[in-house]
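Letters go in sequence order (proteins before strands), and every chain restarts at 1.
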Number of protein chains: 2
Amino acid sequence: MNYEQAKARADILKALAHPMRILLLDALSRGDRCVNELNELAEVDQSTISRHLSHLKRVGIVTEHKEGTKVIHHLACPCMLKAFDCSVEVMKKVSRRQAALL
Amino acid sequence: MNYEQAKARADILKALAHPMRILLLDALSRGDRCVNELNELAEVDQSTISRHLSHLKRVGIVTEHKEGTKVIHHLACPCMLKAFDCSVEVMKKVSRRQAALL
DNA sequence: TGACAATATGCAAATATGTGCATATACCCA
DNA sequence: TGGGTATATGCACATATTTGCATATTGTCA
């Protein structure tokens with residue numbers, strides 16, 4: 001593997017590597033949602049949610065389509081949730097206590 | 001999923017989300033290596049490699065043991081490489097040209 | 001023991017990321 | 001058309017990450 005390849009993969013993983021974005025993907029794994037609905041996941045500004053979603057769309061993990069004035073978001077790559085499973089595996093190895101959290 | 005859970009998972013994913021660390025994990029997937037050997041992967045300072053490895057060890061993806069004056073690093077969680085496969089899947093969806101890179 | 005080889009750490013500078021506020025844009029409907 | 005709802009973006013600030021240099025630490029062996 002060369003540096004360019006590694007960078008391309010890192011860019012995608014970076015898109016996953018934020019608590020809020022993980023919450024967003026988790027929510028989207030249970031069905032498509034508009035920005036407003038996703039905003040209810042946490043008490044942050046609507047613009048913050050919008051930016052996190054942009055991040056996910058930029059790398060292609062999430063897609064969107066408009067329905068009237070709403071922008072519906074869709075998890076395009078459910079395989080990405082496997083990465084979460086890997087995370088859980090790691091946590092189990094590292095600490096039983098932390099694993100309980102997951 | 002609550003915020004604490006999401007944060008725990010994000011911490012692990014963050015440990016993956018850097019080109020250099022992906023190169024390191026890729027190298028380790030082909031066998032255990034000491035810091036010096038890993039340093040040959042790229043023209044960066046030895047301290048930089050050391051810190052990237054610390055990052056990977058902190059979250060438990062990589063373990064170490066000493067052999068004389070060398071510190072041998074070992075990929076503790078090969079399942080993590082699945083996350084790379086997911087990255088490739090994403091890239092394929094996003095762009096055929098970029099996917100060729102991977 | 002003393003010099004050397006391998007690795008880690010303190011520090012400082014550069015860069016990147018995340019956030020809210022204010023505001024812009026797009027779309028709907030009365 | 002005008003007002004309201006939904007979403008995105010410019011800006012500024014705060015925080016986090018990455019990096020090299022210099023130096024500390026640890027282990028080996030002549």
* Asked: For A:Thr48 and C:dG20, is the shortest distance between a side-chain N/O and OP1 or OP2 below 4.0 Å?
  -> yes
* Does atom NZ of B:Lys7 have more than 12 heavy-atom neighbours from other groups under 6.0 Å away? -> no
* OP1 or OP2 of C:dT19 sitting under 4.0 Å from any side-chain N/O of A:His52? -> yes
* Rounded off to whole Å, could you give me the CD-to-P distance for the A:Glu43 and C:dG18 pair? => 20 Å
* Structure fact -> What one should report as the nearest heavy-atom pair of B:Cys86 and A:Cys79 is SG-O, 3.0 Å
* To do: Report yes if a side-chain nitrogen or oxygen of A:Ser50 is closer than 4.0 Å to either non-bridging phosphate oxygen (OP1 or OP2) of D:dA8; otherwise report no.
  => yes
* Calculate the interatomic distance between B:Glu67 atom CD and D:dT28 atom P; express it in whole Å. => 11 Å
* In whole angstrom, what separates B:Ile49's CD1 from C:dT7's C1'? -> 12 Å
* A:Ile49 and A:Leu24: which non-hydrogen atoms are nearest, and at how many Å? -> CD1-CD2, 4.3 Å
* Structure fact -> Between CE of B:Met20 and C1' of D:dG20 the distance, given in whole Å, is 13 Å
* Over all atoms of both residues, closest heavy-atom pair of B:Ala6 and A:Ile22 -> O-CD1, 3.7 Å
* **B:Asn39 CG - C:dT7 C1' separation (whole Å)** => 11 Å
* Structure fact -> Between NE2 of A:His65 and P of C:dC27 the distance, given in whole Å, is 14 Å
* To the nearest Å, give me how far apart CD (A:Gln46) and P (C:dT23) are. => 15 Å
* Specify the separation, in whole Å, of atom CZ of A:Arg51 and atom C1' of D:dT9. => 6 Å
* Asked: Under 4.0 Å: is that the gap between some side-chain N or O of A:Asn36 and OP1 or OP2 of D:dT7?
  -> yes
* Asked: Given that A:Lys57 and B:His55 both sit by DNA chain D, which one's nearest nucleotide is further toward the 5' end?
  -> A:Lys57
* Asked: Hey, is the side chain of B:His18 poking within less than 4.0 Å of OP1 or OP2 on C:dT17, counting only N and O atoms?
  -> no
* Which pair of heavy atoms, one from A:Ala15 and one from A:Arg21, lies closest together, and at what distance? -> O-NE, 2.7 Å
* To do: Just call it for A:Lys14: base, sugar-phosphate, or nothing, with non-hydrogen atoms closer than 4.0 Å on any strand.
  => sugar-phosphate
* Structure fact -> Assert: residue with more 5' nearest nucleotide on DNA chain C, out of B:Leu53 and A:Lys66, is B:Leu53
